[in-house]
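Below is one structure, written out as structure tokens; the observations come after it.
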Amino acid sequence: MSEATEKPNYKKTVNLPKTQFPMKANLLQNEAQSIKRWDKMGLYQKLREQGNKKPKGRFVFHDGPPYANGSIHLGHLMNKCLKDFVVRSRTVMGWDVPYVPGWDCHGLPIEHKVMTGLVESGKIKKLMDLDEDKRRVAVRRECQSNAEKFQKLQAGQMQRLLTLADYEDPYLTMQPRYEREVLEVLGDLCREGLVYRALKPVHWSVDNETALAEAELEYYDREDLSVFVDFECADADDVYGRFGLTGDDRPQTKPSLMIWTTTPWTLPANMAVAVNEKYEYALVRVDGNITVMASGLVEQVTKQAKSESVEVLATTTGGKLVGVRYKSPLRDDVPPADGPVDKVWSVVQADYVTLEDGTGLVHTATGHGADDYQTGLREGIGVYCPVKGDGTYDDTVPEWLRGMHVFKANSLVADRLGESGHLFHSNKFMHSYPHDWRSKGPVIFRATEQWFVGVDRPTKREDKTLRELAMEQTESGVEYIPAWGKNRMRGMLESRPDWCVSRQRAWGLPIPSFTLPSGESFMTEAVVRAVAKVVGEKGSDAWFTMEAGDLLAHYDASSDSEAPESVRTGQVKPLDLKKGRDILDVWFESGSSWNAVMRERSGGKDFPVDLYLEGSDQHRGWFQASLVASLGSMGVPPYKALLTHGFMVNKDGKKLSKSSGDTIEELFKEFGADVLRWWVSSLAYENDVKVDHEFFKGAGESYRKVRNTIRFVLSNLDGFDVQKDGVSLDAIEPTSLEAWVLSELDALTDRVTDAYEQYQFKTVQTAVYNFCNDTLSSVYLAAVKDRLYCDEVDSPRRRRTQTALYQIADQLSRLLAPVLCHTADEAYRSLTGDDEACVHLLEVLPKSGVKVSEAWAAATEARDAGLLALEASKEQGIENPLDAGVTLPDAKGLLAQLDVTDLADLMGVSEVTLNASIEKPVVHDLRDRPRCERSWKRDGTVRERSDGGMLSDRDARALGLE
RNA sequence: UCACGAGUAGCUCAUUUGGAAGAGCAUCGAGUUGAUAACUCGACGGUAGCCGGUUCAAAUCCGGUCUCGUCAACCA
């Protein structure tokens, strides 16, 4: 008889883990199945039906609309995942969280792309034959289908990201009902007296022929020509007098005022020269010419121009120079501005004149600069802008400049000044300069008639300006997460200018203003509301297809006290009016979403919104646009809290370039949505976030760790029926291993739900990962393996363990559901064995409340010490922990309250004994003892049994052997 | 230049009000082969950007400085 054949094969008698839950996630395929399953069951709608039963009520969260153009990118990935974590975590914690996704559909990026396409395909020629309105409608059609196409593409990608939202009924800023509500907000602002039309210099794109908002500018380096120019004084004696020169002291040469500018093309539009009254100015003879500049800059300027002889003849203060009259070096006729002729071409005072650059005398073109405009306004100098929308001069400039593009004019102007002897010095230099975010071309400052929302005009309602209201609410009305957002917002509100809300394009919501036969524009609250009604019914195309009279069908001029007299009295009829040509700034549209989406859809109850969540750039964009619009309209902010996240940068901390890196589609394919979501949950999103392919791999690794841990838990619940086989949680003794692990689970529940509530998803991720990796995989699961495998299937100890495992798997699925929404659902269905089950309809379980003995704190410490001792004993040849026994110190008698088998299993050794009078664990070599052929333990009870095998008492009992 | 933020182990980040510098990953070494494209144990690794101050005690508070990022402004 050979031993090998006689010995029973105990492996078959061991309860080895078994599960359908695979190690390989195969997310690419399985996530697609999950999406189908959730769609089929109508998950979003089901949750809304549960809504009124939710214990914590409604949490109103509002999606900021991404632009409906192109594929989603990494920035969207982070933004949309964070938003989904909010929606799903609030849901799983007992709130009802309706969530309407939105898209920003109007605007230049789409129109620009469409126009480019029309030019390339040659279709543009046909359009040019149409009249203005028809052409615009045709372009708008193209834009609309373009926006629809990308909205659908992005919606699909967002769903592929497993985000939960009302994709059946999203909001699009081009929907008629949305447009109507935007106009209602505009009407509110008119009511408050905040909307006005004015000639004002604005950032102007010459490529796209439109005004641009701050948010539509990008800064690039640009080489420009800077020139020092002498403006000849009109009355030499007057100037010399101001410098205190008398009689013979006065030079024969006529004096000039030296100005410096980096935009020579604005010189034909010069209206004044500004000085600062507090500085000292010098009359200087430079290489034979007499000129004036700030004393403090004489050396710098003449050095730069390599002047050979420099002599200061006299000095005076800036204040004394105010009123000096001069001649334009470029033109003889006074520019035809909208102000008095006698104000043009004299020296004025301005605080913003500094001695950092230039000459201390500032060329002022009221139609081409914000400061210049303000100065002109104060001094009563007219605004003059001889530049047309396409960037060329009109006919009011000297003949040699007419029709020329301003950027070409730069060098020509300099040449001309050189020839006439007015150019003192010129040089090229690099500086960053604003550019059109779409065309990437440089922008200019150009005075145009625009519609504005005034931030420094008092509202009729509370007699406070929007700036005051915004500052107040920023200070105390809105919660900022993280807190520094408040400072950012405050800084931006302090310095923001009036809001230019008009654009001269086709693809947008028309501003419902009208022009009288006299040429005057007007727009009143009643006009806006009348048009809003039409737009709500027919869409904003109606503006282009309908006549003024029809658009104003709901307008009663006689009762509109704000209307011009001629309209109110019926002298001018709606039929006589011409429609305005401007459309609204898209930021005004998205900035009205709180009204067009949240108030409109909820009948008012979802306003103000609990939370807005966007990237930190939106302090200038959507956050601010929404705040200003809502304060004007409602007098309160549209949101109670603002959560901001940083931007994606590459692994060197540099700005992410759009062309490099992985596309979303590649990422889905390689990693799957759950891994991407897991990665997002690991981010310290309040700062800038580094992205690299390696980081996704890392997220994949830790995802697999969590997945495998859950898999192992599930695999030990094979055949376990929690109803039938589970033990009551109340019956779990505080000294049992299960009491310990369930108390750890309770702690995890607290930590995770707290973190979710504070939007600390990283904390959630770390806590769950550590629980799986440490509490479960390394400690608890390692300890209970023996009893799960080797105890009698039905033993109370094994059933108690399985009860804990079930509780763990159940709760982990729920805690993870907001982040790993596919995997958590997969695990939950595997756990319950019910393929129709869905974890997303459930909430986090209440804590088990199991009481745990204090001895467990001592036990985990003892375990650490024991493992170190075991490591040391490897040198003595005890390499397998089951070959060892350990005597643990137990001075306080705490460990004595516990089961020594539990302690042994915690360290994976065969036996633990306790000793109150030792300090450090002692390892015993048990290799002489017989080894149980089933459990491989050397626990001292192993002997030959009736089947001929060497078994411990426990294993013999499990097999029904003596 | 302005505002806001960030500099802690090779990498990603914790260290909540000042109280013995901690994880994970990576690297290296070992165990296990009944979670096996899995699991366990251990080791290595830091002058907390730099300088100064307050304090019994500073990653933490204060002042200065350097670097990086975002936003804005570089205008005349």
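Naming convention: chains lettered A, B, ... in sequence-line order (proteins, then strands); numbering from 1 in each chain.
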Partner set under ring-ring contact (aromatic ring centres under 6.0 Å, His included) for A/F761, not counting sequence neighbours = A/F85
remark   = Comparing nearest nucleotides in RNA chain B, the 5'-proximal residue of the pair A/K11, A/S616 is A/K11
ask   = So, the side chain of A/R863 versus the backbone of A/L906: is there a donor-acceptor pair under 3.5 Å, distance only?
value = yes
Contacts of type ring-ring contact (aromatic ring centres under 6.0 Å, His included), residue A/F671, not counting sequence neighbours = A/H693, A/F696
message = Is there a side-chain contact between A/K785 and the phosphate of B/rA35, meaning an N or O under 4.0 Å from OP1 or OP2?
response = yes
inquiry  = So, does A/Y433 get its side chain near the phosphate of B/rC75, meaning an N or O under 4.0 Å from OP1 or OP2?
reply    = no
inquiry  = Pairing check on B/rC75: which nucleotide meets the Watson-Crick or G-U wobble criteria with it, both distances under 3.5 Å?
reply    = none
message = Using a 4.0 Å heavy-atom cut-off, does A/T261 contact any base of the nucleic acid, only the sugar-phosphate backbone, or nothing at all?
response = sugar-phosphate
query = What is the distance from CG of A/L683 to C1' of B/rA14, rounded to the nearest Å?
reply = 15 Å
task = Give a yes or no answer on whether the side chain of A/T263 reaches the backbone of A/W265 with a donor-acceptor pair at less than 3.5 Å.
result = no
task = Could you tell me how the ring of A/F407 sits relative to the ring of A/Y433: parallel (under 30°), tilted (30 to 60°) or perpendicular (over 60°)?
result = perpendicular
query = With a non-hydrogen cut-off below 4.0 angstrom, is A/S702 in contact with a base, only sugar-phosphate, or nothing?
reply = nothing
request  = Check whether any side-chain nitrogen or oxygen of A/Y10 sits under 4.0 Å from OP1 or OP2 of B/rG34, and answer yes or no.
outcome  = no
P-based separation of B/rG10 from B/rA76 [nearest Å] = 48 Å
query = Are the ring of A/F712 and the base ring of B/rA38 both nearer than 5.5 Å at their centres and tilted by less than 30°?
reply = no
Write out a two-atom table: protein N or O, nucleotide N or O from nucleotides 41-44 of chain B, distance below 3.5 Å.
from	atom 1	to	atom 2	distance (Å)
B/rC41	OP1	A/S778	OG	2.5
B/rC41	O2'	A/E871	OE1	2.7

Any A/T262 side-chain nitrogen or oxygen under 4.0 Å from OP1 or OP2 of B/rA76 = yes
request  = Spell out protein contact along nucleotides 3-13 of chain B as letters: B when the base is contacted, S when just the sugar-phosphate is, - when no protein heavy atom is under 4.0 Å; keep the 5' to 3' order.
outcome  = -SSS-----SS
ask   = Near A/K705 NZ, under 6.0 Å, is it more than 12 heavy atoms from other residues, nucleotides or ligands?
value = yes
message = Tell me whether the rings of A/Y281 and A/Y279 are parallel (<30°), tilted (30 to 60°) or perpendicular (>60°).
response = tilted
inquiry  = Does the structure show a Watson-Crick or G-U wobble partner for B/rG22, both distances under 3.5 Å? Name it, or say none.
reply    = B/rC13
task = Just compare B/rA76, B/rG34, B/rA35 and give me whichever is closest to any side-chain atom of A/M23.
result = B/rA35
request  = Assign the ring pair A/H425 / A/F228 to parallel, tilted or perpendicular, where the plane angle (0 to 90°) is split at 30° and 60°.
outcome  = tilted
query = For the pair made of CD in A/E701 and C1' in B/rA38, what is the distance, rounded to whole Å?
reply = 12 Å
key: side chain to side chain contact (heavy atoms under 4.5 Å, CB included) partners for A/V362, two or more places apart   = A/A274, A/V353, A/T364
remark   = When both distances are under 3.5 Å in a Watson-Crick or G-U wobble arrangement, the nucleotide paired with B/rA57 is none
query = When the P atoms of B/rU60 and B/rA9 are considered, how many whole Å apart are they?
reply = 15 Å
remark   = Note: for A/N773 and A/N770 on RNA chain B, the residue whose nearest nucleotide lies more 5' is A/N770
query = Watson-Crick or G-U wobble partner for B/rG5, using a 3.5 Å limit on both distances?
reply = B/rC68
inquiry  = Measuring only the C1' atom in each nucleotide, how far is B/rG18 from B/rA72? A whole number of Å is fine.
reply    = 36 Å
inquiry  = I'd like the P distance from B/rA58 over to B/rA21, given in whole Å.
reply    = 10 Å
message = I need the CZ-P distance between A/R707 and B/rU36, as an integer number of Å.
response = 14 Å
ask   = Could you give the CD1-to-P distance, from A/I381 to B/rA76, as a whole number of Å?
value = 17 Å
ask   = Is A/D750 reaching over with its side chain to a backbone N or O of A/V752, donor-acceptor style, under 3.5 angstrom?
value = no
request  = Provide the distance between the two C1' atoms, one in B/rG29 and one in B/rC50, to the nearest whole Å.
outcome  = 37 Å
inquiry  = Classify the ring geometry of A/Y806 against A/F720: parallel below 30°, tilted from 30° to 60°, perpendicular beyond 60°.
reply    = tilted
inquiry  = Just the rounded figure in Å: distance from C1' of B/rA72 to CZ of A/R496.
reply    = 13 Å
message = Please name the nucleotide paired to B/rC41 by Watson-Crick or G-U wobble geometry with both distances under 3.5 Å, or report none.
response = B/rG29
message = Just to be sure I understand the rule, does A/F445 reach a base, reach only the sugar-phosphate, or reach nothing, if contact means heavy atoms closer than 4.0 Å?
response = nothing
inquiry  = Between B/rC39 and B/rA57, how far apart are the two C1' atoms, rounded to whole Å?
reply    = 44 Å
key: Nearest-Å distance once atom C1' is located in both B/rU15 and B/rC51   = 24 Å
inquiry  = Rounding to an integer number of Å, can you tell me how far A/M293 CE sits from B/rA76 C1'?
reply    = 16 Å
task = Using side chain to side chain contact (heavy atoms under 4.5 Å, CB included) as the criterion, list what pairs up with A/D371, not counting sequence neighbours.
result = A/Y352
task = Using a 4.0 Å heavy-atom cut-off across all strands, classify A/R704 as base, sugar-phosphate, or nothing.
result = nothing
inquiry  = Output the rounded distance in Å from NZ (A/K705) to C1' (B/rA37).
reply    = 14 Å
ask   = When only distance counts, do a donor and an acceptor, one from the side chain of A/T263 and one from the base of B/rA76, lie under 3.5 Å apart?
value = no
query = Does A/R751 count as lying over the ring of A/F771, i.e. NZ or CZ under 6.0 Å from the six-ring centre, within 45 degrees of the axis?
reply = no
request  = Measure from the side chain of A/E879, starting at C-beta and using heavy atoms only, and say which of B/rA38, B/rA30, B/rG69 lies closest.
outcome  = B/rA30
inquiry  = For the P atoms, the ones on B/rC61 and on B/rG69, what distance do you get once it is rounded to whole angstrom?
reply    = 25 Å
task = In whole angstrom, give the distance that lies between atom CZ of A/F231 and atom P of B/rA76.
result = 13 Å
